[in-house]
Structures are given as structure tokens and as C-alpha cells.
Number of protein chains: 2
Amino acid sequence: MNIYDISKRAGVSIATVSRVLNDSPHVSPATRQRVMAVINDSGYVPNAFARGLGLNTMKTIGLLCPDASDPYQAQALAYLENAFRSRNYDCVLSCTGKTLEARITGVELLKSRHVDGMVLMGSSFIENNDKDNDYIRQAAKSVPLILLNGSFACERVYCVLCDDQRATMEAAQHLLDTGCKRILYLYHSKNYSGRKKLAGYRAALKNKGMALDESLLCYFDQDKMSVQDVRDHLLELDKKGVAFDAVLASEDSLAIGAMKYARATGKRIPEEMSVVGYNNSNFCLFTEPELTSVDNKLKAICDHIVETMMGVLDGKEMPQKTVFTGEVVLRQSTRK
Amino acid sequence: MNIYDISKRAGVSIATVSRVLNDSPHVSPATRQRVMAVINDSGYVPNAFARGLGLNTMKTIGLLCPDASDPYQAQALAYLENAFRSRNYDCVLSCTGKTLEARITGVELLKSRHVDGMVLMGSSFIENNDKDNDYIRQAAKSVPLILLNGSFACERVYCVLCDDQRATMEAAQHLLDTGCKRILYLYHSKNYSGRKKLAGYRAALKNKGMALDESLLCYFDQDKMSVQDVRDHLLELDKKGVAFDAVLASEDSLAIGAMKYARATGKRIPEEMSVVGYNNSNFCLFTEPELTSVDNKLKAICDHIVETMMGVLDGKEMPQKTVFTGEVVLRQSTRK
DNA sequence: TCATTTTCTGTAAACACTTACACTATGGCG
DNA sequence: CGCCATAGTGTAAGTGTTTACAGAAAATGA
């Protein structure tokens, strides 16, 4: 069943059928109705490949993320998919994993599918080693690229992100304002977004005229950052005599590890120790006490990504970089 | 830059270039090498649409899920995407929402993309009202369908699921075996999977010769099942004088609500009240105490779905229904 | 050496659409 | 009534692949 069959049944040419399918204005109402009737009762569905060939687009966006099972990325996927779908674009998913190599082949595959645009998540994996970013520059030549929470200056690469530095600074400031003196900083990424957050932590201390104690900086490797890992690490710090009365984490799950540590040692939250997470995940409400966390405006970011993409595909001039402001959501794990 | 340009540069016909691209054995090593050289240095990427048109496939699987931000579905997406990708299939995502209507248009859209197969998640939305399933029967005519945790007998529809009834029964049995007398059952779905779980709860009671107290059955609506909703509901039950010493939930987040209720009333878990969830989500480890939950073998299910799909696409005969056995993962929210 | 098979390559016809261009009515207007 | 603009329709040429078929060249065997 193809356009040819329809044209014969409706007694018109294939051009007319095509025009009906594409809502062309150059069809008389009577003809349109007749053709539509045939299409409807035959159950005909236009061949997407042929259409793609003719139009050179299948209205598809490539979504690249390191790990779709991560709640934050899953949420982003859901937001993006919905917004793109409402604009008649489908999304093809590429969960590449975290290695640079895997990302490169992921982008390569999406490119070979001739997607109309790509959204790259997991900017935290974008290193500053410029050579590592060649694949982005390369891909941008053939397709518009938007980075979610990434920053990269390059033609046809657009960035939509949260001001992680400022948000982290405000979170730290809140801890200091509520009487915390020694804030343990837990982080899991040393790349763009990670560096910004760390800078925010530093800035908060500086604003208060406090010196940074390097022993309060705890880095966790990607594959060694489970709740147990974090708890055990903090217990170690205790043994070493490193004292702290607050924990600021670059991701909610790390903060949960700190809460487990508090439970293990009997420290009360927030009376004896305050905890702040990052991302404002759903499970911030699951813990006891509920976790204060930074909302980094994922929905706004995703909506803006989609708008930007649509603009770019329409040939409009679009801002290369858009920054949203995060917000500390106060809950029970910090003092008033 | 198309196959024509390559053929000219390499001094061969487009057929030969095509054969090189498709690893056809009917090309001499010398020619293959020459063509490959040209392809590599020109950065040529075959046009996926034209290829799709010729082969009538773009090696794409449609993934249909109600909500990608739900951790369970996100995990499934990640498993599926990875397994399909390793077999050179891309996935296009369709997060339809929960209404029947939305699911129908979701399937419709995937069909119009001419995907090679579809995986439908959120079987809990498959009603037994047979008319509601016409869209599945319809879609199955043009493309093989696999239901994740759904059950539906129809040509070209395959089902891969967990034996939810048995798993729930074992969970309830564990509660009874550890001394619980009155198990509150929290559930959120009245469709296939939901009914099976409820049946498991009933069966466990029956096995012990216990009567079912209808007042211990708590149903939560899809949009009224937040942690707070559940906690508040249980507090209400308290007021009404409904007593219970255990909670069995059809989903982990409901169980978390029960834990919040325990916190609010000062009941100790598991000493005064045991709690069991379902799905064995990551956040079972986040709570205090850690949540006993049913592992319904999602990874195994997803792997088997992909295998089944590949078999079907290869024209092999595949089992219409495969059932995995769930497992109760014991943690701190239940007694020994 | 010649017939026969095998290996390699090219020609051209699909594949199912879109769309530029040409053509035919049709109606308005002088 | 002829002229022209316009609306509606059809013809045919793309779009970039795959692949059946044919043909040429090389290898094999008698």
C-alpha cells in the first residue's frame, strides 16, 4: 500500500495525494476530502524513509546521555522527549556510558542516522582538554548541537545550563549562615560543572573571610560513590580526626551517604550536622529527615533546549549560551 | 557527498561502493581497500533514509513507556537501549503518559516511523476491557510487539514478565513467617500486574488459613500516591482504629510512605511494624532502615526481550510468553 | 586450446516519496 | 469576446541507496 495505490483509488495523481498529506494549500477542498476518505479507510501510512529521502529529514532529535537509569538524566530525558514530541519531533536515544570513546561512537551513530539535531547530556564528562572535544566540533559541522549543563564555545553548539557556581555558593552560604563552621565538601566530578560547583564552595568561604581547609574536600570516583562508599569514607575521616559540622554534596546520592554516616555515628541532623544535596531529586523527600537540596531548574533548562533547537532548525538566530539560576530548597536536613 | 561521488573518486561503480559498505563478499580485496580509502578520507556517511528505503528498515526499535522519569521505567529503558544498541539497533522513545488515548497515538507514531519492532512498557495500563487492547492487535499486524510485564495473547505479540503473584505471595509469607498478623496491603494499579500482586497477597493469607480483612486493602490513585499521600492515609486509618503490624506495598515509593507514617507515629521498624516494597529500586538502600523489597528481575526481563525481538526479526519461532521468578530481597525493614 | 565455472564489476530498475514545472480550467475585467 | 491572472491538477525528474541481472575477466579442467 503506497501513495500510488491511494492515487489510483482516489482517481487523482500521486502529486495530489502528496499535497494532501503535506497540507499543501494547492488542493481543492473537494479533492482533499476525497483523498482523505481513501487514506482513512485504507489504513495507509506514508513510508517514512521515502519521505525522509525527499525532505532530507525525518524530524528526529538524537538524545545522548551517559546513563538513562540515573534519576537526574531520566528526568531530563522525560522532559526533553515530551517537549520535542509536542513539536512533532521524535527522539532517538543513545546511552553511551561515560567514556570519551563511547560518547564519540554515540555521536557518530546519531550522525549516521541523519538526526536533525542532537542534545548532549552529561556535560560533566566534557573535559577541558581541548582535543577531547574535537568530536563535538566535528559533529557540529553536520548537525546543530545543544549541551545540557555544558559550556563550549563553538559554531552551531548551543549551551543551556544552570549557574552551578552561584547555586553551590548560596547553598554553602546558607550552611554558614545557620551556624556551621566546617563544611565537608563531597564531589564526584572534576570537569566543567564539577569545577564550577567547587568554585562556588570556595567563593562562599572567601565571602565570609574563611580559609579553605583542603582536608574538607572529598572526591569520589564514578565507580566508588555508592551510599556505602560515602558513609565508610566519612567514618574514616572521623578516625583520622577530621572534624566537620556540615556536609555539602555535589549530588543528592552523596548527601544520602552522609546521612547514613550520621545514622552510624548517632549524630543528629540537623542539630549536630547539616546536610545539603544537589539536584533536588525526588528521593530528597524519601529520607529522614528530608534533604535540603539545590534545584538546578532542569525543567526550565529542558524547555529552553527544545525552544532553542526549534529556533535553530527554523534558521533563526539563537543565543549561544543561556544560564538559569539555581535555588536552594530548604528542608529538614539544615537548620533555620 | 553521496555514493556517486565516492564511486567516481574510487573509479568504480556505485554498486561496488554499496557492496563495500555492506560487507558483501563479492568484492576483490584490492578494490575494497581502494574504496575504503576514499570513504575514509572524504568523511562520507551513507544516507540513512535512502538506505532505509532500499532495505525497508532502519534498524530501529520503538520504546513506549508512560513516564521515563519513573526510576523503574528509566532503568528498563537503560537496559533495553544498551542491549539493542549492542545489536546495532537504535531506539526511539515515546513517553506517552498514562492514558489509553495517549498510548494509542504513541503506537501510531512509532508505526508511522516504520520501526522494526516495539517494546511496550507500563503493562499495568493494559486493561482487560478487550476493546481497549485493539490498538495492540492492530499494531501487531504491522510490527512485532513485546510487552514488558504485560500479558496478552495475540499473534506477533510476545510477553516477558515476572511472576508478580508468586513474588508478592512470598513477600507476604515472609511477613507472616516473621510474626506479622495484620498486613496492610498498599497498591496503585488494578490492571494485570496489579491484580496478580493482589492475588499473591490473598494467596499467602489463604495458605496460612487466614481470612482476608478488606479494611487492610488500600488503593491509591495514580495522581494521589506521593509519599505524603500515603503517610496521611495511614494516619487516617489509625484514627479509624484500623490496626496493622506490617505493610506490603505494590511499589517501593508506597512503602516509603509507610515508613514516613511510622516516623510520624513513632512506631519502630521492624520491631513494631514491618515494611516490604516492590521493584527493589536503588533508593531501597537510601532509607533508614533499608527497605526489604521484591526484585522482579528487570535486567533478565529486558535482556530476554531483546533476545526475543532479535529472534522474531530473524524470522525464528519464539516463545509467546516468558515468565521470570521474582525474589524477596531481605533488608532491615523486616524481622528475621 | 576451448569450454566451463567462478569471481568480480557494472547497468539499471526498483524503493516511495516531494516538488518544480507545465498545463488546463475558471473567473474577472476591459 | 478575448486577455490574463489564478487555482487546481498532472507529469516527470529528482532523492541516495540496494540488488537482480548481465557481462567480462580470470581461473579451472579436459
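Chain letters run A, B, ... following the sequence lines, proteins first and then strands; every chain starts at 1. Keep in mind that what you see is a predicted model, and the values were worked out from it rather than measured.
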Those residues that, when tested against [X], pass salt bridge (Lys or Arg N to Asp or Glu O under 4.0 Å) (two or more places apart):
X	answer
Lys321(A)	none
Asp5(A)	none
Glu108(B)	Lys111(B)

Let's see if you get this right: which residues in residues 23-40 of chain B place a heavy atom under 4.0 Å from DNA chain D? none

DNA chain D contacts made by residues 53-60 of chain B, counting heavy atoms under 4.0 Å: Leu53(B), Leu55(B)

Distance in Å, [X] [atom1] paired with [Y] [atom2], rounded so as to fall on 0.5 Å steps:
X	Y	atom1	atom2	result
Lys299(A)	His304(A)	NZ	NE2	13.0 Å
Phe49(B)	Met58(A)	CZ	CE	6.5 Å
Thr31(A)	His26(A)	OG1	NE2	14.0 Å
Ile61(A)	Arg87(A)	CD1	CZ	11.0 Å

Which nucleotide of DNA chain C is the first, and which the last, in the 5' to 3' direction, to come under 4.0 Å of a heavy atom belonging to chain A? dA16(C) to dT19(C)

Considering residues at least two apart in sequence or located in another chain, which fulfil the ring-ring contact (aromatic ring centres under 6.0 Å, His included) criterion with Tyr72(A)? none

Here the side chain to side chain donor-acceptor pair (under 3.5 Å) pairs for residues 49-68 of chain A, sequence neighbours left out, are Asn22(A)-Arg51(A), Thr57(A)-Asp116(A), Thr60(A)-Arg113(B), Asp67(A)-Ser69(A)

Can you run down the side chain to side chain donor-acceptor pair (under 3.5 Å) pairs that involve residues 36-50 of chain B, sequence neighbours left out, and say none if there aren't any? none

Kindly write out the residues that satisfy side-chain contact (heavy atoms from CB on, under 4.5 Å) with Val38(A), not counting sequence neighbours, or none if the list is empty. Ile6(A), Arg9(A), Ala10(A)

Which residue lies more 5' along DNA chain C, comparing Ala15(B) with Thr16(A) via nearest heavy atoms: Ala15(B)

Provide the start and end nucleotides, 5' to 3', of the part of DNA chain D that has atoms under 4.0 Å from heavy atoms of chain A. dG8(D) to dG16(D)

Using a 3.5 Å limit on both distances, find every run of at least three consecutive Watson-Crick or G-U pairs that involves DNA chain D. C:1-30 with D:1-30

Need one value for Ile14(A): base, sugar-phosphate or nothing, where a base atom within 4.0 Å counts as base even if backbone is also close, heavy atoms only. base

Backbone of Gln73(A) reached by a side-chain donor or acceptor of Asp70(A) within 3.5 Å: yes

Least distance between heavy atoms, Met121(A) atom then Cys65(A) atom: SD-CB, 3.7 Å

Phe152(A) versus Val157(A), closest heavy-atom pair with distance: O-CG1, 3.9 Å

Would you tell me whether Asp164(B) and Ser193(B) have side-chain atoms, one donor and one acceptor, within less than 3.5 Å of each other? yes

